Amino acid sequence: MNRMRKLLCPQCKISGMYVKNATGERLLVYVSDKGEVIPKYEDVSTEGFDMNEVFCLGCSWSGDPRKLVKR
């Protein structure tokens, strides 16, 4: 079985992230080691959410998902 590896916040090293939409609602996500932003819950729609900027759940870091780091 091939498990997805999650990228981590470059500042606090956790994998939990979120993205926002125009009204400020949050959607919990992870970023795969291939750079894909993936919703934490599979049945949730990503429509309207900006997938080009992620926000860390553990600290104040935010930015491009490509700036996240491997373990």
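Just so it is clear, the structure is predicted and the values come from calculations on it, not from any experiment.
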Rounding to 0.5 Å, atoms CD (Gln11) and OG (Ser60) come to a distance of 4.5 Å
Scanning both residues in full, the closest heavy-atom pair of Val19 with Met51 reads CG2-SD, 3.9 Å
Rounded to the nearest 0.5 Å, the SG atom of Cys56 sits from the OH atom of Tyr18 at a distance of 9.0 Å
Rounding to 0.5 Å, atoms CG (Asp64) and CD (Glu53) come to a distance of 9.0 Å
Distance col, row Ile14:CD1 vs Leu57:CG, nearest 0.5 angstrom, shows 5.5 Å
Note: Pro10 and Lys67 closest approach over all heavy atoms is CG-O, 3.8 Å
message = Within the structure provided, determine whether Phe49 and Arg26 are in side-chain contact (heavy-atom separation under 4.5 Å).
response = no
Apply side chain to side chain contact (heavy atoms under 4.5 Å, CB included) to residues Arg71 and Arg5 and explain how you reach the verdict. CA-CA 9 Å; Arg71 294 198 187 278; Arg5 294 185 81 73; 4.0 Å; yes
Between Leu7 and Pro65 the two heavy atoms that sit nearest each other are CD1-O, 4.4 Å
Beyond-backbone contact of Met17 with Cys9, side-chain heavy atoms, under 4.5 angstrom:
yes
Check your understanding: Which is it for Asn21 and Glu47 under the side chain to side chain contact (heavy atoms under 4.5 Å, CB included) test, yes or no, and what are the steps along the way?
Key -> CA-CA 9 Å; Asn21 64 13; Glu47 188 173 336; over 6 Å; no
Could you go through the side chain to side chain contact (heavy atoms under 4.5 Å, CB included) check for Val31 and Val54 one step at a time? CA-CA 9 Å; Val31 179; Val54 293; 4.2 Å; yes
Q.
Could you tell me if Lys20 sits above the aromatic ring of Phe55, with its cationic atom closer than 6.0 Å to the ring centre and no more than 45 degrees from the axis?
A. yes
Rounded to the nearest 0.5 Å, the CD1 atom of Ile38 sits from the OG1 atom of Thr46 at a distance of 11.0 Å
CG (Leu68) and OH (Tyr30) are apart, to the nearest 0.5 Å, by 13.5 Å
